[in-house]
Number of protein chains: 2
Amino acid sequence: MSFQERKKKIVSAVNEAGSLSVFQLSEKLSMSPATIRRDLGDISDEGLLIRTHGGAMKVDDPVLTSFTGKSGSNENNKEAIGKLAAAFVQDGDIIFLDCGSTVFKMCRHLKNRNRLKVITNSLPVLAELFDAPGISINLIGGEFDKQRQAVHGERAVQHIDQYHAQKAFIGVDGLSAEKGLTAHSELEATITSAFVRNANEIFLLCDSSKIGKDSYIRFGSLAMIHKLITDKDLDNQINAAFREKGLEVVKG
Amino acid sequence: MSFQERKKKIVSAVNEAGSLSVFQLSEKLSMSPATIRRDLGDISDEGLLIRTHGGAMKVDDPVLTSFTGKSGSNENNKEAIGKLAAAFVQDGDIIFLDCGSTVFKMCRHLKNRNRLKVITNSLPVLAELFDAPGISINLIGGEFDKQRQAVHGERAVQHIDQYHAQKAFIGVDGLSAEKGLTAHSELEATITSAFVRNANEIFLLCDSSKIGKDSYIRFGSLAMIHKLITDKDLDNQINAAFREKGLEVVKG
DNA sequence: CTAAATTTGATCAAAAATAATCAAATATGA
DNA sequence: TCATATTTGATTATTTTTGATCAAATTTAG
């Protein structure tokens with residue numbers, strides 16, 4: 001039985017029972033407690049259940065479901081990218097978090113950081129992180145865009161320009177060695193540009209499906225980016241092309 | 001049974017009973033009093049209940065009631081006030097909406113307005129109104145306060161000062177003819193003051209339980225207010241005193 | 001106000017659970 | 001096929017949790 005099979009069984013068993021111990025699961029699935037523990041660790045990292053001492057309980061999110069990110073394409077790869085990216089965030093950091101589903105995936109892996117300051121225009125990010133005890137959030141003000149569930153516009157850019165962060169985690173709609181960073185919305189492009197010019201280190205989170213494709217607004221070059229964080233499916237030739245241009249690529 | 005499970009049981013038991021002693025909980029959950037005390041300490045640190053000598057009681061204003069916050073005391077009166085206040089909002093208006101449970105109650109009655117512009121620092125307000133087709137929202141930026149689920153601070157005040165609205169709908173923690181408007185948080189007081197100085201017409205929403213009582217920060221006089229919107233239980237003498245001072249009172 | 005009773009928080013040792021490590025088993029791929 | 005990588009289960013050291021004890025703090029009663 002593979003991990004993926006077990007994962008589904010574990011999640012549904014825990015959801016049904018409310019909570020189960022490692023030993024109950026171990027018996028139910030005929031697996032050793034060590035394996036169950038590993039599984040539970042992985043699953044709770046994804047937020048599908050809550051790890052407890054001795055077992056796990058189901059996650060009941062009575063809250064905030066209206067703002068939690070919509071799940072779309074390339075779910076697993078985005079999840080992996082989020083986890084990778086989160087590893088670059090340390091306690092005490094001040095970071096910009098863009099709106100966008102891949103950046104949103106980072107959040108769940110940031111919840112136990114301490115003294116972390118997050119500056120964001122994304123409501124899903126806020127909803128995910130606002131109750132984390134070690135994180136304080138600075139919300140960017142301006143016009144609220146209901147499509148993107150984020151704040152945009154002139155006022156938002158002004159707001160960002162008044163801050164400086166050590167690291168910025170951003171997303172794009174297209175990325176290629178030739179055209180650089182592209183977006184399909186002027187609003188998003190201006191916000192992302194503002195993040196870039198006010199942070200020391202820029203991390204671009206971009207799953208392989210967007211790489212090699214261009215959207216219609218060009219708003220930045222590869223030179224702006226310090227690290228590209230992407231997934232295991234990135235084409236090797238493209239990867240080589242990026243590296244040749246001096247871009248550091250982190251591949252899941 | 002893990003702490004996480006107990007925590008849920010304790011919180012719901014205390015919320016149901018209103019208050020419980022350490023020993024009642026100890027017996028109910030078959031745990032030693034020492035463990036219950038530790039749990040209560042942790043839980044009250046999160047603000048999910050209030051620690052008392054000998055036990056714990058439920059928190060009146062549940063901190064984490066999600067963004068769609070259902071509020072606590074005087075529910076019906078607040079609901080009525082909200083409806084009354086909403087009647088003063090017309091299509092095409094630009095309005096400030098404060099954070100606070102009474103102002104939040106207005107929102108439900110605003111959803112079908114057209115060309116309405118709402119400027120707010122309250123996440124519950126945003127959550128309630130963001131999908132209304134006729135309403136555009138300007139979110140005030142700044143430090144996010146997880147307790148109040150709203151944005152506060154210096155930056156937020158600057159933001160507000162860049163806008164002007166026809167009407168402001170605000171709340172207070174205490175109101176009396178003698179001391180005027182009072183609040184129990186500096187943060188809230190400065191935000192409310194900013195709304196007041198940048199709007200033409202100020203509507204104060206305040207249920208009768210807060211009238212005649214003073215909180216500890218005085219931040220405004222009755223003269224600032226154009227209309228007080230309150231409930232049917234307002235004492236007639238106090239009502240008369242307000243009117244004598246030139247305050248227009250709308251009573252439910 | 002003082003004294004008795006109760007409650008608490010701190011400390012400690014035992015028990016339980018975990019993470020880390022390693023070797024065997026299994027799967028993967030050239 | 002063989003070599004390599006991944007997954008699993010056992011072992012062990014570490015961490016977490018728990019209940020008991022006791023001095024200090026708080027409440028209650030006189």
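As the structure is a prediction and not an experimental result, all values here were calculated from the model. These values consider heavy atoms only, across backbone and side chains, with no hydrogens, waters or symmetry-generated copies. Letters go in sequence order (proteins before strands), and every chain restarts at 1.
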How would you summarise protein contacts on nucleotides 21-30 of chain C per nucleotide, using B for base, S for sugar-phosphate only and - for none, with heavy-atom distances below 4.0 Å? ----------
Classify Thr52(A) by what it touches in the nucleic acid, base, sugar-phosphate, or nothing, heavy-atom distance under 4.0 Å.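 Here Thr52(A) touches the backbone only, sparing every base.
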Given [options], the nucleotide with the shortest approach to the side chain of [X]:
X: Arg37(A); options: dA17(C), dT18(D), dG9(D); result: dA17(C)
X: Ser32(A); options: dA10(D), dT8(C), dT18(C); result: dA10(D)
X: Arg51(A); options: dA19(C), dG19(D), dG9(C); result: dA19(C)

Residues in ring-ring contact (aromatic ring centres under 6.0 Å, His included) contact with Tyr163(A), at least two apart in sequence or another chain: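 With neighbours one apart ignored, the set is His159(A).
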Separation of [N] [atom2] from [X] [atom1] (nearest whole Å):
X: Phe23(A); N: dG9(D); atom1: CZ; atom2: C1'; value: 14 Å
X: Asp39(B); N: dG19(D); atom1: CG; atom2: P; value: 9 Å
X: Lys7(B); N: dT17(D); atom1: NZ; atom2: P; value: 13 Å
X: Leu25(B); N: dT8(C); atom1: CG; atom2: P; value: 11 Å
X: Gln4(B); N: dT18(C); atom1: CD; atom2: P; value: 11 Å
X: Arg6(A); N: dT7(D); atom1: CZ; atom2: C1'; value: 8 Å
X: Ile36(B); N: dT7(C); atom1: CD1; atom2: P; value: 14 Å
X: Gln24(A); N: dA16(C); atom1: CD; atom2: C1'; value: 15 Å

Decide whether [X] and [Y] meet the rule of one side-chain donor and one side-chain acceptor closer than 3.5 Å.
X: Ser193(B); Y: Thr190(B); value: no
X: Ser185(A); Y: Arg148(A); value: yes
X: Asn200(A); Y: His164(A); value: yes

Ile211(B), Leu205(B), Asn239(B) screened by side-chain contact (heavy atoms from CB on, under 4.5 Å) with Leu228(B), the one that passes: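 Single pass found, and it is Ile211(B).
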Indicate yes or no: does [X] engage [Y] in a salt bridge with an N to O separation below 4.0 Å.
X: Lys179(B); Y: Asp214(B); answer: no
X: Glu201(A); Y: Lys167(A); answer: no
X: Lys105(B); Y: Glu128(B); answer: no

Restricting both atoms to N or O, compile the protein contacts to nucleotides 26-30 of chain D shorter than 3.5 Å, with distance only.
{"from": "dT26(D)", "atom 1": "O3'", "to": "His53(B)", "atom 2": "NE2", "distance (Å)": "3.0"}

Intermediate values then yes/no, ring pair (Phe, Tyr, Trp, His ring centres under 6.0 Å), Phe88(A) and Phe203(A): CA-CA 9 Å; Phe88(A) 291 100; Phe203(A) 297 79; 5.1 Å; yes
